[in-house]
Amino acid sequence: MDHLVHAHGTPEAEQPASASHGQQHPLGIYFKIWGLLFVLSAGSYMVDYMHLQGLLRWTLIIVFMLLKAGLIVAVFMHMVWERLALMYAIVVPPLLLLVLLGIGALEADYTFLTRGTFFAPVQEAPPAAH
């Protein structure tokens, strides 16, 4: 036999170049993502530099963190080019955990507030004046 046959039965001569060496992505996309990660990191540092406080500070920190993590997973871990089923297997469980944590936080607030209502000390009536 003067040509090789792969496990799935297709001769090597008929294989696309990307199948034998892996899919290659242009370097430009990686440089753009590195630049965007640099800009997002600079924004994250600016939150501290501008001495933002309270809910705005934590919202911006979490937004920058999630954007950077999403870009890293999407491009550098090649999730952008994966099948939809694999993306769902990676993305859906953390989203479900966030939803369940949110529900738990709401339930905790409700439980805390109702404990104050039902377990409040009973005030005795003042003595009757004669």
Would you give the length of the straight line joining atom CG of Leu71 to atom CG of Leu66, rounded to the nearest 0.5 angstrom?
11.0 Å
If I take atom CH2 from residue Trp34 and atom CG from residue Leu27, how far apart are they, to the nearest 0.5 angstrom?
7.5 Å
Apply side chain to side chain contact (heavy atoms under 4.5 Å, CB included) to Lys32 and list each qualifying residue two or more places apart in sequence or on a separate chain.
none
Apart from Val92 itself, members of its ILVMFWY cluster (side-chain separation under 4.5 Å) are Leu84, Tyr88
Honestly curious: do Ile33 and Ile72 fall in one hydrophobic cluster under the side-chain, below-4.5 Å linking rule?
yes
Set of residues satisfying ring-ring contact (aromatic ring centres under 6.0 Å, His included) with respect to Phe118, sequence neighbours excluded:
none
Acceptor/donor pairs from residues 45-64 side chains to any protein atom, 3.5 angstrom cut, sequence neighbours excluded:
from  : atom 1 : to    : atom 2 : distance (Å)
Asp48 : OD1    : Arg57 : NH1    : 2.8
Asp48 : OD1    : Arg57 : NH2    : 3.1
Thr59 : OG1    : Leu55 : O      : 2.7

Same cluster or not: are Ile29 and Leu67 linked, directly or through other Ile, Leu, Val, Met, Phe, Trp or Tyr residues, by side-chain heavy atoms under 4.5 angstrom apart?
yes
N/O donor-acceptor pairs under 3.5 Å from side chains in residues 102-115, not counting sequence neighbours:
from   : atom 1 : to     : atom 2 : distance (Å)
Thr111 : OG1    : Glu107 : O      : 2.9
Thr114 : OG1    : Tyr110 : O      : 3.0
Thr114 : OG1    : Thr111 : O      : 3.1

Consider only side-chain heavy atoms of I, L, V, M, F, W and Y, link residues closer than 4.5 Å, and tell whether Leu40 and Tyr30 are in one cluster.
yes
Take Ser41 and Lys68 through the side-chain contact (heavy atoms from CB on, under 4.5 Å) test and state the conclusion after the steps.
CA-CA 8 Å; Ser41 294; Lys68 290 190 293 185; 3.5 Å; yes
Tell me who clusters with Leu100, hydrophobic residues only, linked when side chains sit under 4.5 Å apart either directly or through other members.
Leu96
Residues in side chain to side chain contact (heavy atoms under 4.5 Å, CB included) contact with Val91, at least two apart in sequence or another chain:
Leu95
